[in-house]
Amino acid sequence: MNHTWDALWTHVHLATLAPAAAGYGELRDAALAVRDGRIAWLGSMRELPAGAQAAIEHDGQGCWVTPGLIDCHTHIVYAGNRSDEFEARLQGVSYEEIARRGGGIRSTVRATRAATFETLLAASLPRVATLLAEGVTTLEIKSGYGLDLDTEARMLRVAREIGRAEPVRVRTTYLGAHAVPPEFAGRTDDYVTRVCEEVLPALAAEGLADAVDAFCETIGFTRAQVERVFDAARRLQLPVKLHAEQLSDQQGSQLVARHGGLSADHLEWLSPQGVQALAAAGTVAVLLPGAYYFLRETRLPPLQALRDAGVPMAVATDCNPGTSPMPSLLAAMNLACTLFRLTPQEALAGTTRHAAAALGLSGQLGTLEPGKVADFALWAIDRPADLSCALGFNPCVGVVNAGVPRAPRPPQGGRCFDQPGQ
């Protein structure tokens, strides 16, 4: 066996998140080797093959290593400001009422349509930088704030440029069925026809979309309208996902499961029938505690039912200007634990292994296993649960993208927790 490697990280503790392993898949006092951008070997230090050689060796100094974090649901490219709506909600105005007044998504649409490519890119990069500093190596970015061909394409080109300009893998999602644009007021079916027959084919022809999403809700689109969008996506061989059961049970989860969807996202109103549909289809449930928190929701997603049915649960930021202005996946992990009662192990699996599945990337990312892409993060922590326990603290001290380390940064004042025995 060839044990000549490009790089070797020694004296680390690994949380592999491998599906066959118990808990975090912990390997203490371990090493990890990289060749050609992929994990070539990992194991305990005492099992290092005799005669193994690496062009570069890094001493991990007792850090924990996890798979690179994956934020599998964001709306991070947008223009405008919606803090006025935040104030209105605190005064008792509902999210639905704000949307009906022309606010909400439509407010961001107006600002985003008026923004240039350069303006959108400049506004988005600081949000992305915050996520990358927290160990994120893969990022999903949706459109949906243009609702016309030109602006939707501009948003997706910005998302592609982020993937070129920054050390992050970007997956793009076309979310044309996010809201009805003002020029189609009262003509929702006509807008869906435009999405299916004009916009989606044009974006697919340019290679701008990796998946297709929709908002199935009383203030969004009906099941029949979403079905038309999904049929158009499948004709173009694009996978689908869905904003489902956020504000009411519209049976969107059954719909996306029937189409073999990658994920159903939000799910506060998910029914037992929806749970079983997701389980049967292998569709990932994406939990978005940021939106739950900012909207001050009270109805929890049915976590125990999802567990009992074996539905994989991902966790994401839903970073957006109105209902989850939170570019922090570590904060999302904490909120998923404190609000939804996920365990820290479930939260970390939700931002690695299951988040990879929600993007159709399980074969490449999400766990530390030989053959997987060498995306991983190094953390100055005492145990993996620290990543979900602390809120507002970032212990990430190193990130590796496809075997290439990013420039290191110091932790924020050392470890957040005392060493055992101190």
Side-chain angles (χ1 to χ4, degrees), residues 17 66-78 123-144 155-156 158-163 165-173 175 210-211 213 241 243 262-267 284-294 312-321 323-337 340 342 346-362 364-367 373 375-377 379 387-388 391-392 394 396 399-402 406:
L17 278 299
T66 70
L69 301 190
I70 300 170
D71 196 349
C72 65
H73 181 129
T74 85
H75 306 255
I76 214 160
V77 174
Y78 63 85
S124 302
L125 287 175
R127 302 168 197 140
V128 173
T130 301
L131 288 167
L132 300 193
E134 292 188 346
V136 170
T137 58
T138 299
L139 180 63
E140 187 254 19
I141 300 176
K142 302 179 190 295
S143 66
M155 291 183 68
L156 293 170
V158 168
R160 291 286 195 226
E161 181 59 26
I162 289 169
E166 298 293 329
V168 64
R169 181 177 290 97
V170 171
R171 301 291 285 182
T172 58
T173 299
L175 182 55
D210 297 317
D213 196 352
K241 56 182 67 178
H243 286 61
L262 292 172
S263 69
D265 304 31
H266 283 291
L267 303 179
V284 177
V286 178
L287 306 177
L288 304 172
Y292 180 94
Y293 168 78
F294 277 99
M313 294 182 288
V315 175
T317 64
D318 191 20
C319 181
N320 73 70
T323 62
S324 189
M326 183 182 73
S328 172
L329 197 51
L330 293 178
M333 292 167 64
N334 175 275
L335 294 178
C337 293
F340 293 169
L342 258 66
E346 288 175 324
L348 186 54
T351 54
T352 55
R353 185 172 77 236
H354 299 321
L359 297 181
L361 297 173
S362 290
Q364 305 176 50
L365 304 169
T367 62
V373 175
D375 281 8
F376 52 90
W379 308 91
L387 296 177
S388 295
L391 181 61
N394 178 12
C396 184
V399 183
V400 176
N401 299 84
R406 294 186 202 160

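Atoms CD and CZ, from E140 and R171 in turn, are 10.0 Å apart once rounded to the nearest 0.5 Å. Atom CE of residue M333 and atom CD of residue E346 lie 11.5 Å apart, to the nearest 0.5 angstrom. Note that CG of L348 and CG of L342 are 11.0 Å apart. Values are rounded to the nearest 0.5 Å. Taking OG from S124 and CD1 from I141, the interatomic distance works out to 7.0 Å, rounded to the nearest 0.5 Å. Of the inter-residue distances, the one linking S143 atom OG with L156 atom CG reads 4.5 Å to the nearest 0.5 angstrom. Between T351 atom OG1 and L387 atom CG the span is 8.0 Å, to the nearest 0.5 Å.
Side-chain contact between T323 and D318: present, with at least one pair of heavy atoms (C-beta onward) separated by less than 4.5 Å. In this structure, V168 and L131 have side chains that are not in contact, with every pair of non-hydrogen atoms separated by 4.5 Å or more. Looking at heavy atoms from C-beta onward, L335 lies in side-chain contact with M326 at the 4.5 angstrom threshold. Looking at N394 and W379, their side chains come closer than 4.5 Å, going by heavy atoms from C-beta outward. Contact annotation: the side chain of L288 never approaches that of S324 to less than 4.5 Å [non-hydrogen atoms, C-beta and beyond]. Using a 4.5 Å cut-off on side-chain heavy atoms (C-beta onward), T137 and V373 make no contact. When side chains are defined from C-beta on, I162 counts as touching L125, because their heavy atoms get closer than 4.5 Å.
The nearest pair of heavy atoms linking L287 to F340 is CB-CE1, 4.0 Å. Across all non-hydrogen atoms, the minimal contact from A347 to C337 is CB-SG, 3.8 Å. Of all heavy-atom pairs between A356 and G366, the closest is CB-CA, 4.0 Å. The heavy-atom pair separating G350 from A355 by the smallest distance is O-CB, 3.4 Å. The nearest pair of heavy atoms linking L69 to L330 is CD1-CD2, 4.2 Å. Nearest heavy atom pair, residue P67 against residue L17, reads CD-CD2, 4.0 Å.
Tested against D210 for a salt bridge (Lys or Arg N to Asp or Glu O under 4.0 Å), the candidates R160, R169, K241, K142 yield a single pass: R160.
Shown here is Y293, whose OH atom has no more than 12 heavy atoms of other residues, nucleotides or ligands within 6.0 Å.
Under the rule for a side chain to side chain contact (heavy atoms under 4.5 Å, CB included), the partners of P321 that lie at least two apart in sequence or sit in another chain are Y78, R82, T108, Y145. With sequence neighbours excluded, the residues satisfying side-chain hydrogen bond (donor to acceptor under 3.5 Å, both in side chains) with S328 are E134.
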Problem - Verdict with reasoning, D265 to H243, per side-chain hydrogen bond (donor to acceptor under 3.5 Å, both in side chains) - result: CA-CA 5 Å; D265 304 31; H243 286 61; 6.0 Å; no
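Distance alone, capped at 3.5 Å, places no donor-acceptor pair between the D375 side chain and the G68 backbone.
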